[in-house]
Trainee: 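Right, I'll just put the structure down here and ask away after.
What you see below is based on every heavy atom in this structure, not just the backbone, and it leaves out hydrogens, waters and symmetry mates. Read the numbers this way: they start at 1 and go in the same order the structure lists the ligands and their atoms.
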Amino acid sequence: MVTHHVRVLDPDELRAAHTLFAAALHLDPLDDESWERRRHSYLPGRTLGVSDSSGLIGTTMSFPARTAVPGAALPTAAVSRVGVRADRTRRGVLSELMRAQFDDAAVRGEVIATLRASEARIYGRFGYGVATRAREVTVGTRGGLRDGAPPGGTVRMLPAGDIVAATAAVHARIALDRVGGMTRHEQLWDQGIGNRVRRHEHVVAAVHTGPGGDDGYAVAVPGGSDGGFADRALRVTDLHAAGVDATAGLWRFLLGLDLIGRVEGWMRPVDEPLELLLADPRDCRVTGETDETWLRILDVPAALAARSWGPGRPVRIAVRDPLRPRNEGVYRIGEGRAEPVDAAPELQCDVAALAMAYLGDRAPSQLAATGWWHVHDPAAVARADAVFATATRPWCGTFF
Ligand SMILES: CC(C)(COP(=O)(O)OP(=O)(O)OC[C@H]1O[C@@H](n2cnc3c(N)ncnc32)[C@H](O)[C@@H]1OP(=O)(O)O)[C@@H](O)C(=O)NCCC(=O)NCCS
């Protein structure tokens, strides 16, 4: 296979990179005005490309973020806009881009990388594993919340001009409270809800305030209608809440809006307790569940050392990582710490399967039973479950 030379793209090549990526996803190129805004989301030095005699044939970019893991927030490369020109696929271009991107992120001190995958069969080979999942729900508005559901605090609607600043402030305050949550840079707000506000679209946005201050927000846009004005759908595009009170307060507000027949939630946490809050649990229909973020642990010793661990006796796990061999070794995890040891492993996994357990999405016993983890000592599986266990399911909630 030909070796492809990966290089950092110059600022004047970024539009071509964006167009290449968009075409790979069968999206339209940006017009001049949209590009003028979007180009700011390409941070200096973070876009990689491969060219041949015909021009640019592949690209990827990343931006820095912090991701909440149990007990810590880790510097993260948030990877996006991955594309290879359709007439140059399956020749190893992405493979070279991925390798170079890992090296680049590692030099920047980024301990993990995260992305959302267009297809589930692309990234596992590079050591990415599904680390958070999300569900889609459709909630009928007829029954509302049950008596006895937490009343929640106060909800205030936001005028269009305040939506970005107010929701961004609440997000910055609470996003890292939940494992899997990540920080958002200004451009993500500008491209997301900022875009809708600029286009003067109707947006329903509200902030929830609890005893400790603003602790949640919801942003939603109207969808279609099955029955004229009185039965509109409302599509929640972004809803973050610091706890069950704020969750209840915000959903009570959304479900109580006049003329709305159903509220559709996209990429919601799998453990969002809607069925427990509703008067009729069947008002909540789960219409899909999917992988949300994929995690690549770039620096295994650092990632393991940073995470807090559950109680119980330690377990020894061998990690394989052919792409980044310095991660390979046996790690002793438990009693509040993780460290490399010179001892025989009880369990073994590759770095992608470690990522699947790292934030608590999958229990080691599930991964062992399905062949993702190899078991040398069956007694170690229950200990691994105990040390990896987390109280809530990880969830990111940011589209990038
Ligand atoms: C996905 C994409 C980036 C892959 O690029 P590529 O240069 O063809 O990838 P590579 O040649 O380096 O592939 C490496 C390996 O992954 C496999 N692979 C790559 N894309 C795959 C896919 N979509 N499905 C299954 N396998 C895939 C290749 O077959 C190859 O396997 P091999 O090593 O066993 O031969 C490219 O097909 C693309 O741009 N797709 C459309 C846009 C897109 O989905 N981008 C990702 C956004 S998250």
Side-chain angles (χ1 to χ4, degrees), residues 1-9 13-30 38 41-43 46-63 65 67 76-105 110 112-134 180 182 184 187-188 191-192 266-267 288 290-296 298 320-325 350-353 355-356 396-400:
M1 196 177 278
V2 190
T3 309
H4 306 280
H5 172 61
V6 178
R7 61 199 174 81
V8 176
L9 296 186
E13 297 177 287
L14 297 178
R15 187 165 187 179
H18 192 88
T19 304
L20 189 157
F21 153 73
L25 265 85
H26 307 294
L27 301 173
D28 294 333
L30 295 178
R38 190 63 58 87
S41 63
Y42 284 89
L43 302 185
R46 299 202 63 133
T47 306
L48 305 178
V50 169
S51 303
D52 68 9
S53 56
S54 68
L56 192 64
I57 60 170
T59 186
T60 179
M61 61 88 87
S62 66
F63 59 87
T67 301
T76 304
V79 172
S80 189
R81 301 183 192 154
V82 176
V84 172
R85 213 174 69 195
D87 59 353
R88 294 292 189 277
T89 54
R90 309 303 180 268
R91 295 158 201 221
V93 174
L94 177 65
S95 305
E96 292 299 336
L97 285 165
M98 287 283 107
R99 257 182 227 121
Q101 194 168 49
F102 293 162
D103 290 343
D104 176 70
E110 287 157 353
I112 55 177
T114 180
L115 55 74
R116 286 165 177 263
S118 59
E119 291 186 276
R121 296 191 57 197
I122 301 174
Y123 294 103
R125 73 191 68 234
F126 304 117
Y128 279 95
V130 174
T132 67
R133 279 175 287 148
M182 72 179 243
R184 292 182 188 172
Q187 288 299 320
L188 284 176
Q191 285 163 46
W266 173 72
M267 288 274 174
T290 176
D291 49 281
E292 190 201 23
T293 58
W294 291 65
L295 174 70
R296 207 310 171 181
L298 299 172
R320 285 199 64 247
D321 189 355
L323 268 185
R324 298 188 69 74
D350 73 18
V351 73
M356 293 160 79
C396 176
T398 290
F399 190 79
F400 55 95

Trainee: Which ligand 1 atoms are under 4.0 Å away from a heavy-atom of Arg91?
Mentor: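 Once the distances to Arg91 are compared, the set is 11 (O).
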Trainee: Compile the donor-acceptor pairs under 3.5 Å between side chains in residues 14-30 and protein atoms, sequence neighbours left out, one pair per line.
Mentor:
| unit_1 | atom_1 | unit_2 | atom_2 | d |
| --- | --- | --- | --- | --- |
| Arg15 | NH1 | Asp32 | OD1 | 3.0 |
| Arg15 | NH2 | Leu30 | O | 2.9 |
| Arg15 | NH2 | Asp32 | OD1 | 3.0 |
| His18 | ND1 | Tyr42 | OH | 2.7 |
| Thr19 | OG1 | Arg15 | O | 2.9 |

Trainee: Is it the case that the side chains of Thr114 and Thr76 hold a donor-acceptor pair, with the cut-off being a distance below 3.5 Å and no angle test?
Mentor: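 Absent: no donor and acceptor within the cut-off.
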Trainee: Sub-3.5 Å donor-acceptor pair from the side chain of Gln187 to the main-chain atoms of Arg38, do we have one?
Mentor: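 Between the backbone of Arg38 and the side chain of Gln187 there is no qualifying donor-acceptor contact (under 3.5 Å).
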Trainee: Go through the side-chain N and O atoms of Ser41 and Arg81 and say whether any donor and acceptor fall under 3.5 Å apart.
Mentor: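 Yes, because at least one side-chain N or O of Ser41 sits under 3.5 Å from a partner of the opposite role on Arg81.
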Trainee: Under the 3.5 angstrom rule, does the side chain of Arg116 hit a backbone N or O of Thr293 as a donor-acceptor pair?
Mentor: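 No, the answer is negative, given that no donor and acceptor are paired below the 3.5 Å cut-off.
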Trainee: Given Ala24, Ala86, Ser95, Gly58, which has its nearest heavy atom closest to atom 42 (C) of ligand 1?
Mentor: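 Selected option, by shortest heavy-atom distance: Ala24.
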Trainee: Identify, by atom number and element, the atoms of ligand 1 in contact range of Arg125, meaning under 4.0 Å from any of its heavy atoms.
Mentor: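 Selected atoms, number and element: 15 (C), 16 (O), 17 (C), 26 (N), 30 (C), 31 (O), 32 (P), 33 (O), 34 (O).
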Trainee: Which atoms of ligand 1 are found less than 4.0 Å from any heavy atom of Ser118?
Mentor: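 The atoms of ligand 1 under 4.0 Å from a heavy atom of Ser118 are 43 (C), 44 (O), 45 (N), 46 (C), 47 (C), 48 (S).
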Trainee: Which atoms of ligand 1 have any heavy atom of Gly83 under 4.0 Å away?
Mentor: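 Taking each heavy atom of Gly83 in turn, ligand 1 has 39 (O) under 4.0 Å.
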Trainee: Just let me know how Glu96 lines up against ligand 1, side chain, backbone, both or neither, with a heavy-atom cut-off below 4.0 Å.
Mentor: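 Neither; nothing of Glu96 gets under 4.0 Å from ligand 1.
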Trainee: Can you tell me which residue pairs pass the salt bridge (Lys or Arg N to Asp or Glu O under 4.0 Å) test with a partner in residues 47-57, sequence neighbours excluded?
Mentor: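 Passing the test, one end in residues 47-57: Asp52-Arg88.
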Trainee: For Gln101 and Leu48, indicate whether the former's side chain and the latter's backbone hold a donor-acceptor pair under 3.5 Å.
Mentor: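 Not at all, since once roles are kept as given, no pair shorter than 3.5 Å links the two residues.
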Trainee: Considering only heavy atoms, does Val93 approach ligand 1 within less than 4.0 Å through its side chain, its backbone, both, or neither?
Mentor: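 The answer is both, backbone and side chain.
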Trainee: Counting each atom of ligand 1 from 1 as listed, which ones have a heavy atom of Gly92 under 4.0 Å away?
Mentor: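 Checking each atom against Gly92, I get 10 (P), 11 (O), 12 (O).
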Trainee: Give the atoms of ligand 1, by number and element, whose distance to some non-hydrogen atom of Thr89 is under 4.0 Å.
Mentor: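 Near Thr89, the atoms of ligand 1 are 8 (O), 36 (C), 37 (O).
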Trainee: Between Phe126 and ligand 1, is there a nitrogen or oxygen pair with a distance under 3.5 Å?
Mentor: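 No: no nitrogen or oxygen of Phe126 is under 3.5 Å from one in ligand 1.
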Trainee: Is Arg116 close enough to touch ligand 1? Criterion: a residue heavy atom under 4.0 Å from a ligand atom.
Mentor: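 Per 4.0 Å heavy-atom rule, Arg116 contacts ligand 1.
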Trainee: Would you kindly specify which portion of Tyr123 sits under 4.0 Å from ligand 1, judged on non-hydrogen atoms: side chain, backbone, both or neither?
Mentor: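 Side chain only; the backbone of Tyr123 stays clear of ligand 1.
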Trainee: Is ligand 1 under 4.0 Å from a heavy atom in the side chain of Arg90, in the backbone, in both, or in neither?
Mentor: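 The answer is both, backbone and side chain.
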Trainee: Can you list the atoms of ligand 1 that are under 4.0 Å from a heavy atom of Glu119?
Mentor: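 In order of number, 22 (C), 23 (N).
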Trainee: Does a side-chain N-to-carboxylate-O contact under 4.0 Å join Asp103 and Arg324?
Mentor: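 Salt bridge: yes.
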Trainee: Salt bridge or not for Glu96 and Arg7, using N-O below 4.0 Å?
Mentor: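 Looking at Arg7 together with Glu96, the answer is no, because their closest N to O distance does not fall below 4.0 Å.
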Trainee: For ligand 1, which atoms sit closer than 4.0 Å to a heavy atom of Leu25?
Mentor: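 Every atom of ligand 1 under 4.0 Å from some heavy atom of Leu25: 42 (C), 43 (C), 45 (N).
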Trainee: Sub-3.5 Å donor-acceptor pair from the side chain of His4 to the main-chain atoms of Gly58, do we have one?
Mentor: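 No: the side chain of His4 does not pair with the backbone of Gly58.
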